[in-house]
Amino acid sequence: MNKQNLIWGLEELCDREFQERVWLGKSETEMSSFVEAVCHTFDDSGLADTLDSEEKSAMIEQVIRDNALKLRHLLKKIPQSLSQREIIDHPMMQEVRDSAKEMLMILKI
Amino acid sequence: MGKHRRVTIIPNWPITYIMIQNAAPALPMRSGTALPDASWAIPATTAPATSPPLRRWVNASWYRRLRAITLPKAQVDESPVASGGGGGGGFISARNSLGGGQGKFAFLNQPMYPKAFDGLMGRSVLGRGTANFAGESWGEWIVDGAAGEGSYDRLHAFFTEDIPEAVEEIVVIGQRIIGNIFNITSPNDRALVTSTRTTDAANDRRQTVRQRPVLPHDIHMASIKSFAKSTSSIIQASPKFLQGAAEGVGQLAYDTFVYDDSGPYPTGIGAIFPGLVKPIFSEPTSKAQTYGRIAGPIVTGAVIAKKISVRNAAPALAAERGVLGGLETRGIKPLPGTRIIPEGIPEGWRIRGTDTPGGVRYTNPRNRNEEIRIMQGDPNSPFPNSQAPYARQRNAAGIYLRQDGTPSPLPRGGLFDPDAHIPLNQFKVR
């Protein structure tokens, strides 16, 4: 698992201001989206592969695993079909941000 | 009448028996042409008193009926197709062969092939096992169980809401299964390893077929890509496109089946390739002969009433749930090109779905940094380069690459670099 990539992904998921700027196309030098953020966090980092593998999953700390599973669960509740604006404003997104922030803190300890 | 169907039969192939369900009760034979033998005749019992129009032919109730045969009733009720996702028209074929692993396949060959396989499902009961198929609109099949040689029965149902009104063709070709469907080797990957070989590599034209333009309905090209002419075999882990599929269920394109290549036909493209087969098979040749032209209303058949012994119904249901309850029911229909392995992906790279439904990752197993992601895109995205399918590629150092192949100079390895979001139609593997 690539911890740096995971941290970058979580930083994106927990930062509403960043999302407003980058997901909505207000930055000229950066672009991203909800889907990309999920990919950054779970795919690019290898977290998804770790969680999906019993063997690999057992090798990470339980608190990280639990938080990751919770975050994944929350993310799946947000319909991809919504616009980026709607996603940012989605009630579940605050829980996502909180969960991502929590996980980020654990990783940075 | 409005609807015309042509049945093209390749008689020299090892076909032993066939019933074409959507044929007129009395097959109007072309003058001077005879069926190879009596077994080709359309059974009289396939003609109901009233023939429903094609568009109504296979409807939800038919689907339920099909499922009712193969699955317990309680499970039938959960069919997403039965609840409205299914077809207003369609095609059912049945085949029934004995001995030697020989078979045949009937399919609807029509230009709108992206929709031709909407709701494709089928079931094969093979000599030593059961293979259950269910597919989505692009014709992916999932298979579970071990297969073997011997006799088997098969049902195929093709549901589509958009069968062309004008001219359609049914091409019937011979098929010989000389490979085996292997059991899934890794429940985590849900990968199915298939192995096939052709009897005549010299005549194998799959490499030629690959040169055709990429077509929307071309998931099967992906499997063809892995055909190794030198060894005349395909050994490939099928891609995991089926997020949410039941554990232990693999996904198979069509590479388990190898067609008899005694003639000048490309092997391996088979019936599942209507868009490709048509220009090759539609004209009679010395080996492909048009036997009849069927016109008139489509009729339903009695073959569905035949109960098939299914020893492995529970995994079949899981398989069907995995597909039919997959991307489609999550509101995502994979766009053309997003289910094709991009040209240039090295052999052995792992293929997985992304954590959000719709994307596919190709990863170097020896260096996870090196990865290509194919994403569906979002038509409402504020960024033009991700309003349609796009690709993202990271090099061995984990840096995102731009369209020209140069690593992004932007922070965080180019994670947010607009130039590292490459429209799929302009993407080249670097």
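Sequence lines set the chain letters: A, B, ... in the order given, protein chains first and strands last, and positions in each chain run from 1. The figures here come from the full heavy-atom set of this structure, side chains too, leaving out hydrogens, waters and symmetry mates. A quick note: this is a predicted structure, and the numbers were derived from the prediction, not measured.
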>> Can you confirm whether M92(A) is buried at CE, in the sense that more than 12 heavy atoms of other residues, nucleotides or ligands lie under 6.0 Å from that atom?
In response: yes
> Hey, is CD on Q426(B) packed in by over 12 heavy atoms from elsewhere, all under 6.0 Å?
Replying inline: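 Result for CD/Q426(B): enclosed.
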> Can you find a pair of side-chain heavy atoms, one from Q80(A) and one from Q376(B), that are under 4.5 Å apart?
Replying inline: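 Answer no - side chains too far apart.
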>> Quick check: do E36(A) and F416(B) have side-chain heavy atoms less than 4.5 Å from each other?
In response: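 SC-SC contact between E36(A) and F416(B) ruled out.
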Provide the closest heavy-atom pair for [X] versus [Y] in the form atom of the first, atom of the second, distance.
| X | Y | result |
| --- | --- | --- |
| W8(A) | L415(B) | CB-CD2, 3.8 Å |
| V22(A) | F383(B) | O-CZ, 3.0 Å |
| G25(A) | P382(B) | N-CG, 4.0 Å |
| L410(B) | T29(A) | CD1-O, 3.7 Å |

Chain B contacts, top residue of [options] (heavy-atom pairs, under 4.5 Å):
| options | answer |
| --- | --- |
| S27(A), G46(A), G9(A), A48(A) | G46(A) |
| E12(A), Q4(A), Q84(A) | E12(A) |
| M31(A), H40(A), R72(A) | M31(A) |

>> The test is side-chain contact (heavy atoms from CB on, under 4.5 Å); show your working for R85(A) and N380(B) and say whether it passes.
In response: CA-CA 11 Å; R85(A) 174 82 266 168; N380(B) 300 313; over 6 Å; no
> For R368(B), is it the side chain, the backbone, both or neither that has a heavy atom under 4.5 Å from a heavy atom of chain A?
Replying inline: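 Only the side chain of R368(B) comes within 4.5 Å of chain A.
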> Measuring heavy-atom distances to chain A, does D419(B) have an atom under 4.5 Å in its side chain, in its backbone, in both, or in neither?
Replying inline: neither
[X] versus chain B, the contacting section by heavy-atom distance below 4.5 Å:
| X | value |
| --- | --- |
| D43(A) | both |
| E28(A) | backbone |
| S83(A) | neither |
| D44(A) | both |

> Any ion pair linking R412(B) and E30(A) (charged N to carboxylate O, less than 4.0 Å)?
Replying inline: no
>> With side-chain contact (heavy atoms from CB on, under 4.5 Å) as the criterion, how do R373(B) and C39(A) come out once you've worked through the C-alpha distance, each side chain's angles and the decisive distance to 0.1 Å?
In response: CA-CA 9 Å; R373(B) 261 200 284 127; C39(A) 285; 3.4 Å; yes
> Out of curiosity, S45(A) OG to D355(B) CG, how far, rounded to the nearest 0.5 Å?
Replying inline: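 Result: 9.0 Å between the selected atoms.
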>> Donor-acceptor pair, distance only, cut-off 3.5 Å: does the side chain of K76(A) make one with the backbone of T356(B)?
In response: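 Checking the backbone N and O of T356(B) against the side chain of K76(A), no donor-acceptor pair under 3.5 Å is found.
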> Given the rule in the side-chain contact (heavy atoms from CB on, under 4.5 Å) test, do V35(A) and D378(B) qualify, once you have shown the distances and angles that lead to the verdict?
Replying inline: CA-CA 9 Å; V35(A) 167; D378(B) 172 11; over 6 Å; no
